[in-house]
Amino acid sequence: MTRFSATAEGVAKRLRDGMVGGVLSFPLTSFREDGGLDLEAYRAYLSAQLDSAPGAVFPACGTGEFFSLDEDEYRSVVGATVEIADGRLPVVAGIGYGWAQALRFARIAEEAGADAALVLPHYLVAAPQDGLVEQLRRIASGTSLPLIAYQRGQVAFTADSLRRIAEIPTVIGLKDGHSDLDRLQRLTLAAPDGFLFFNGASTAEIQARAYATVGVPAYSSAVHAFAPEIANAFFAALRDGDDAGVIKLLRDFYVPLVELRDRVPGYAVSLVKAAARLRGLPVGPVRAPLTDPGPEELDALAQVLDDGLKVVGAVRRSD
């Protein structure tokens, strides 16, 4: 028996069902060359993304450059996502900063029709466990949206804190970006029945098998943002126990992608956006403080992308 509110339990069930059938999609946000939001391009891009049948969609999160959006842009992105998703799958919007600002974003997402919110790590300062718990309590007290906590960077919950946030009726899950499997196992064992866990490591497929061994098979896929054919093929191979298929995709695509990603800070987003542009997707550049890759890295990225698409029998561009 969970401690979720009725609304939160309904959203948790939809997410639970979705995670069985597909990866969690974290779409890019489309910008023009002058840095402005390109909402029509985003609509076109997102429509194609959702045709690839992800388990849920998480707009305006890390891959979607939440940290670069003002409130009006955020409202437009979340609203467009809700409209295009049209109830087919859950929409979980990113929120963040301190609890007061996170609540402003949560209320915008709620008004726009989002199903839940992912609480991104707070800004700048380290905080004690009591403060991490109180941050979620404050946010939960001001919105009816179900919440998923995200531990990454300066946010890391202990097992005791996990029990405490799980008692908040609208906190339904935890996304983990630390990849400390010993700690994560302790958290999963401390959680009540029905509490959701997600693998949120950068290029999560690299560690998907390891996460599954501690009871966390669901994961977010940045690769889905530019190559859903590859992301879906990996998901199917992992689900079906096709070890040879998993290893081939890891060796021929995911590991080379990660080695390229690790060259420059911020490339976990910048390379994803560059790969989407290589496929002709209307996403535009990243916003500062991120930087787009240079010609040499773009050439290397194109080769990695072509190698991955070859494994799954796809091509970079259809035109």
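All residue numbers refer to positions in the sequence shown, counting from 1. All figures in this text were calculated on a predicted structure; none of them were measured in a lab.
- Within 6.0 Å of atom CZ in Arg75, more than 12 heavy atoms from other residues, nucleotides or ligands are found, so the atom counts as buried in its surroundings.
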**Prompt:** Yes or no on salt bridge (Lys or Arg N to Asp or Glu O under 4.0 Å) for Asp86 and Arg88, after CA distance, side-chain angles and deciding distance?
**Reply:** CA-CA 6 Å; Asp86 194 26; Arg88 289 177 290 165; 5.9 Å; no
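- Using a 30° and 60° split on the angle between ring planes, Phe197 and Phe195 fall in the perpendicular class, above 60°.
- Rounding to the nearest 0.5 angstrom, the gap separating the OG atom in Ser179 from the OH atom in Tyr211 is 3.0 Å.
- In this structure, Phe226 and Phe253 have tilted ring planes: the angle between them lies in the 30° to 60° band.
- Checked against Phe66 for a ring pair (Phe, Tyr, Trp, His ring centres under 6.0 Å), the options Phe26, Phe105, Phe58 give a single hit: Phe105.
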**Request:** Could you give me the CA-CA distance, side-chain angles and deciding distance for Arg164 and Asp130, then say whether salt bridge (Lys or Arg N to Asp or Glu O under 4.0 Å) is met?
**Result:** CA-CA 10 Å; Arg164 292 162 66 192; Asp130 285 349; 3.1 Å; yes
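- Two residues are said to be in side-chain contact when any heavy atoms from C-beta on lie closer than 4.5 Å; Gln151 and Leu187 meet this criterion.
- Between Arg163 and Asp160, the closest side-chain pair of non-hydrogen atoms falls below 4.5 Å.
- Counting only heavy atoms from C-beta outward, the side chains of Leu28 and Gln49 never approach each other to under 4.5 Å.
- Atoms CG and CZ, from Leu301 and Arg261 in turn, are 13.0 Å apart once rounded to the nearest 0.5 Å.
- Applying the side-chain hydrogen bond (donor to acceptor under 3.5 Å, both in side chains) criterion to Arg104, with sequence neighbours excluded, gives Glu71.
- Counting heavy atoms from C-beta on, the side chains of Leu50 and Pro54 come closer than 4.5 Å.
- Aromatic rings from Phe198 and Tyr219 are positioned such that their centres are separated by 6.0 Å or more.
- Ion pairing between Asp176 and Arg152 fails under the 4.0 Å rule for side-chain N and carboxylate O.
- Between Glu65 and Leu290 there is a side-chain heavy-atom pair separated by less than 4.5 Å.
- Inter-residue side-chain proximity for Thr158 and Arg183 is flagged as met; some heavy-atom pair is nearer than 4.5 Å.
- When ring centroids are compared, Phe31 and Tyr42 stay outside the 6.0 Å threshold.
- A salt bridge links Asp182 to Arg186: at least one charged side-chain nitrogen sits closer than 4.0 Å to a carboxylate oxygen.
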**Prompt:** Given the rule in the side chain to side chain contact (heavy atoms under 4.5 Å, CB included) test, do Leu37 and Ser76 qualify, once you have shown the distances and angles that lead to the verdict?
**Reply:** CA-CA 9 Å; Leu37 176 66; Ser76 295; 4.1 Å; yes
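- Checked for salt-bridge contact, Arg14 and Asp115 meet the test: a charged N lies under 4.0 Å from a carboxylate O.
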**Request:** Take Thr291 and Tyr267, measure what side-chain hydrogen bond (donor to acceptor under 3.5 Å, both in side chains) needs, and give me the verdict at the end.
**Result:** CA-CA 8 Å; Thr291 58; Tyr267 268 21; 5.0 Å; no
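- Leu174 is not listed as a side-chain neighbour of Leu196, based on a closest heavy-atom distance of 4.5 Å or more.
- The closest side-chain heavy-atom distance from Leu89 to Val57 is below 4.5 Å.
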